[in-house]
Student: 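I have a structure here, written as structure tokens, and I will follow up with some questions on it.
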Amino acid sequence: MELLGNWQRSCYCGDPRPAQVGQELIVMGWVHARRDHGGVTFIDLRDRTGIVQIVFNPQINEPAHTAAKDIRMEYVLAVRGTLMNRSAETINPNFPTGAVELQVSELRILNPSRTVPFPIDTETTPTENARLRYRYLDLRRPQMYANLLLRHRLAKNVRDYLDGEGFLEVETPFLTRSTPEGARDYLVPSRVNPGSFYALPQSPQLFKQLLMVGGFDKYFQIVRCFRDEDLRADRQPEFTQIDIEMSFIQPEHIFRLSEGMMTNVCRELKGMDIPVPFPRMSYTEAMLRYGNDKPDIRFGLELRELTMLFRETQIKVFTDVVAKGGIIRGLIVSNCTFSRKEIDDLNPLAQGFGAKGLAWIRITNEGWQSPLAKFVSEEKKAEIAAALGLKEGDLLLMVADQEKVVCDVLSRLRLYLGDKLGIIPKDEFRFLWVTDFPLVEYDDEAKRYVAMHHPFTSPTEEDIALLDTAPGKVHARAYDLVLNGLELGGGSIRNHRLDVQQKVFACLGIGEAEAQEKFGFLMEALSFGAPPHGGIAFGVDRLAMLLAGAESLREVIAFPKTAKAVCLMTQAPSPVDPKQLRELSVKVDL
RNA sequence: GGGGUCGUAGUUCAGUUGGUUAGAACGCCGGCCUGUCACGCCGGAGGUCGCGAGUUCGAGUCUCGUCGGCCCCGCCA
């Protein structure tokens, strides 16, 4: 092992080109591969920019050639040498540096490496377990570097864009207070105030509103948020948002700004030109056509309303459901080539999605093929076929149940079928605004209305009166941005008037005393001339994931957590020293 | 909290109906090799089959439990 001494790197491994031939260079990096021919030894030296071949030739430098015998995979080297052209037949077209090589005159082995637990290449993908345990090695893989580079450029692009639009990035506290509603909070005990706890923010929601009251007019922040809920491929306990808030605006301003930001990102990072404005769809329409408030509009296969058509048949499972206030909806798969088994297999799938069963009708050249065919008159069949435009080869899949169940099952079945049929164009980016959400929805478990977005969302001006009489019918000035079936972000116009905010609290069953205790600071602020304001927040991790074409957030997060919210590298979370607990006046009760 | 799936050499994986000494590739160690770039050739080491019970004459293989990774449901204003 040698010291670095006063050596200074003259270029990255990916840099050398024929133009620099003849120059003396110092390059540093990791041993990616080693080819020892006894006489001459080749080493591929790698850094984040690429790979350069360095050559140890005993005729050029005997000591360096001898020393190179000890070099192993992932050793860290510094080499000084002369850049040479390769002879025509030894040029490697697979690397940008493949026309040249560095003839080593001096080698310094800066650090050895134990045998690595998995190879640093693109061919083999190690198990997730190994990757997360040795994340620093996983990060050496070019794909991980590419993903995090993309993420960096995303953040930089967004910052530059918002700066250009007159936004200020302002930091807000991580140690804040726990609020009711929403996700479970991560709590931090206060040593100085025994028995009291901070909460890590689920989002900087209230702070950004208070910045508007503070007159900042246009705020943004690329900020970490924390939610103590179970994980998914697209959900980590800590995640990053592009958080935005503006004063004296309409939803249109948010749409225009967001569209500018997203198209900018897509153009700069992916070379894609996304047309603006993005299409918009009301929540009601989205539920009707897709059964879902975040529809993937890259493909059709929309839901069909069937209640009226089938209510007068002799199909008992249908008529019973309709009698109980349920509905019937379905999907039509055109030119369906499913085997009988494939169709039968959809039934347990639909049941897994929450359906009691899945009815089906296949249109063949001999008429209806279906377990239900005998319950429908020929006349009715013709009426149904005409109404739905059914033709030979079509498969009609139907679910009858309460509306919520029908929507849920069919929306998931739609995604399953879209994937199975291969009709989802993978390389398309289809943005969609979903608007006109209900302000609240009834929670059967809690037996009260809960905020659909959050408790600070403004009702539409014409619906304010309904807050007292029919809360379920009140529309919110809220909007979500959906990309390829993934909720990328959401926002709303907020309540800037104290009386409206108090009405909303009351509607949510938050009493005056509780509102005062939990949100007193907000209500106080609203009483001091709060401007009309609103904003939006986008998931950076999800956006980066889609831009990177990755299947999991972990691919675009340097140090992510497992499905059990554990960091396999640091072994966090961990028990702590009893002394620490005593200082915090915290007792663990398992 | 629930369901599914995976766990075999350092790594990626194979392992038949439960049957002799658990294999391959890459990596690792030793040797040879002056134009390779997935270098090649010769030789070698390396296994608590995640862990614990059970069934069996016999378990990597079957059963139960448990731990861990992944996916999903619930949950995620």
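First the proteins, then the strands, lettered A, B, ... as listed; each starts at 1. Keep in mind that this is a model prediction, so the values were computed, not measured.
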Student: Rounding to the closest angstrom, what is the interatomic distance between B:G44 and B:U63 at atom P?
Tutor: 39 Å
Student: Could you state the CZ-C1' distance from A:Phe56 to B:C39, rounded to the nearest angstrom?
Tutor: 17 Å
Student: Quick one: is A:Thr90 getting a side-chain N or O under 4.0 Å of the B:U36 phosphate, OP1 or OP2?
Tutor: no
Student: Given the side-chain rings of A:Phe42 and A:His37, with only the six-membered ring counted for Trp, is the space between their centroids under 6.0 Å?
Tutor: yes
Student: When the distance from CD1 of A:Ile51 to C1' of B:C39 is rounded to whole Å, what number comes out?
Tutor: 15 Å
Student: Would you confirm whether the ring centroid of A:Phe353 sits within less than 6.0 angstrom of the ring centroid of A:Tyr416?
Tutor: no
Student: Identify the two heavy atoms, one from A:Leu467 and one from A:Pro459, that lie closest to each other, and give their separation to 0.1 Å.
Tutor: CD1-CG, 4.2 Å
Student: Measuring only the C1' atom in each nucleotide, how far is B:C37 from B:G10? A whole number of Å is fine.
Tutor: 24 Å
Student: Rounding to the closest angstrom, what is the interatomic distance between B:C76 and B:U11 at atom C1'?
Tutor: 36 Å
Student: Take atom NZ of A:Lys564 and atom C1' of B:G2, then tell me their distance rounded to the nearest Å.
Tutor: 13 Å
Student: Determine the Euclidean distance between corresponding C1' atoms of B:U16 and B:G23; express it in Å to zero decimal places.
Tutor: 14 Å
Student: In this structure, how many angstroms lie between the P atom of B:G35 and the NE2 atom of A:His65, rounded?
Tutor: 12 Å
Student: Answer with yes or no after comparing the ring centroid distance for A:Phe456 and A:Phe519 against a 6.0 Å cut-off, counting only values under it.
Tutor: yes
Student: Please report, rounded to the nearest Å, how far the C1' atom of B:C6 is from the CG atom of A:Asn129.
Tutor: 11 Å
Student: Measuring to OP1 and OP2 of B:U12, would you say a side-chain N or O of A:Thr127 lies under 4.0 angstrom away?
Tutor: yes
Student: Determine which nucleotide pairs with B:U16, using a 3.5 Å limit on both distances of a Watson-Crick or G-U wobble pair.
Tutor: none
Student: Start at the 5' end of RNA chain B and walk down; is the nucleotide closest to A:Thr125 or to A:Arg412 reached first?
Tutor: A:Thr125
Student: Side chain of A:Thr115 only, please: which of B:U11, B:C71, B:C28 is the nearest?
Tutor: B:C28
Student: Are the ring of A:Phe42 and the base ring of B:U36 both nearer than 5.5 Å at their centres and tilted by less than 30°?
Tutor: yes
Student: Using a cut-off of strictly less than 4.0 Å, decide whether A:Arg35 has a side-chain nitrogen or oxygen near OP1 or OP2 of B:U36.
Tutor: no
Student: Taking the six-membered ring for Trp, is the centroid-to-centroid distance between A:Trp30 and A:Tyr75 below 6.0 Å?
Tutor: no
Student: Write down the distance separating the P atoms in B:G7 and B:G50, rounded off to the nearest Å.
Tutor: 8 Å
Student: What is the distance, rounded to the nearest whole Å, between atom OH of A:Tyr134 and atom C1' of B:U12?
Tutor: 16 Å
Student: Below 30° counts as parallel, above 60° as perpendicular, anything between as tilted: where do the rings of A:Tyr449 and A:Tyr442 land?
Tutor: perpendicular
Student: Say we look at B:C72 and B:A9: how far apart would their C1' atoms be, to the nearest angstrom?
Tutor: 33 Å
Student: Does a salt bridge link A:Glu441 with A:Arg448, judged by any charged N lying under 4.0 Å from a carboxylate O?
Tutor: no
Student: It should be established whether A:Arg133 places a side-chain nitrogen or oxygen under 4.0 Å from OP1 or OP2 of nucleotide B:G69.
Tutor: no
Student: Over all strands shown, is A:Pro455 touching base, sugar-phosphate only, or nothing at heavy-atom distances under 4.0 angstrom?
Tutor: base
Student: Of all the nucleotides listed (B:A38, B:G27, B:G35), which has the minimum atom distance to the side chain of A:Gln53?
Tutor: B:G35
Student: Taking the C1' atom of each, how far is B:U12 from B:G27, in whole Å?
Tutor: 11 Å
Student: Report the nucleotide, chosen from B:U36, B:G69, B:C76, that has the shortest atom-to-atom distance to any side-chain atom of A:Glu101.
Tutor: B:U36
Student: Once you apply the 3.5 Å cut-off to both distances, tell me the Watson-Crick or G-U wobble partner of B:U5, or none.
Tutor: B:G69
Student: Could you state the atom-to-atom distance from CD of A:Glu128 to P of B:G68 in whole Å?
Tutor: 16 Å
Student: Please report, to 0.1 Å, the donor-acceptor pairs under 3.5 Å made by any side chain of residues 484-491 of chain A, with sequence neighbours excluded.
Tutor:
{"from": "A:Asn484", "atom 1": "OD1", "to": "A:Arg430", "atom 2": "N", "distance (Å)": "2.9"}
{"from": "A:Asn484", "atom 1": "ND2", "to": "A:Glu428", "atom 2": "O", "distance (Å)": "2.9"}

Student: Using a 4.0 Å heavy-atom cut-off across all strands, classify A:Thr41 as base, sugar-phosphate, or nothing.
Tutor: nothing
Student: Pick base, sugar-phosphate or nothing for A:Glu89, based on heavy-atom distances below 4.0 Å to the nucleic acid.
Tutor: nothing
Student: Let's see if you can work this out: which of B:C76, B:U34, B:U36 has an atom nearest to the side-chain heavy atoms of A:Arg86?
Tutor: B:U36
Student: Searching all strands shown, indicate the nucleotide that pairs with B:G43 (Watson-Crick or G-U wobble; both distances under 3.5 Å).
Tutor: B:C29
Student: Both distances under 3.5 Å, Watson-Crick or G-U wobble: report the partner of B:G35, or none.
Tutor: none
Student: Can you work out whether A:Glu441 or A:Asp36 has the more 5'-proximal nearest nucleotide on RNA chain B?
Tutor: A:Asp36
Student: Mind listing the residues from residues 224-242 of chain A sitting with a heavy atom below 4.0 Å of RNA chain B? Number order is fine.
Tutor: A:Arg227, A:Glu229, A:Asp230, A:Arg232, A:Ala233, A:Arg235
Student: When the C1' atoms of B:G68 and B:G30 are considered, how many whole Å apart are they?
Tutor: 37 Å
Student: Searching all strands shown, indicate the nucleotide that pairs with B:C62 (Watson-Crick or G-U wobble; both distances under 3.5 Å).
Tutor: B:G54
Student: Rounded to the nearest Å, what distance is computed from the CD1 atom of residue A:Ile120 to the P atom of nucleotide B:A38?
Tutor: 18 Å
Student: Of the nucleotides B:C28, B:A38, B:G35, which has the atom closest to the A:Arg34 side chain?
Tutor: B:C28
Student: Of the non-hydrogen atoms in A:Gln501 and A:Leu522, which two are nearest, and what is the gap between them?
Tutor: OE1-CD2, 4.4 Å
Student: Centroid distance below 5.5 Å plus an interplanar angle below 30 degrees: do A:His37 and B:C39 meet both conditions?
Tutor: yes
Student: For A:Asp36, is there an ion pair with A:Lys69 - N to carboxylate O distance below 4.0 angstrom?
Tutor: yes
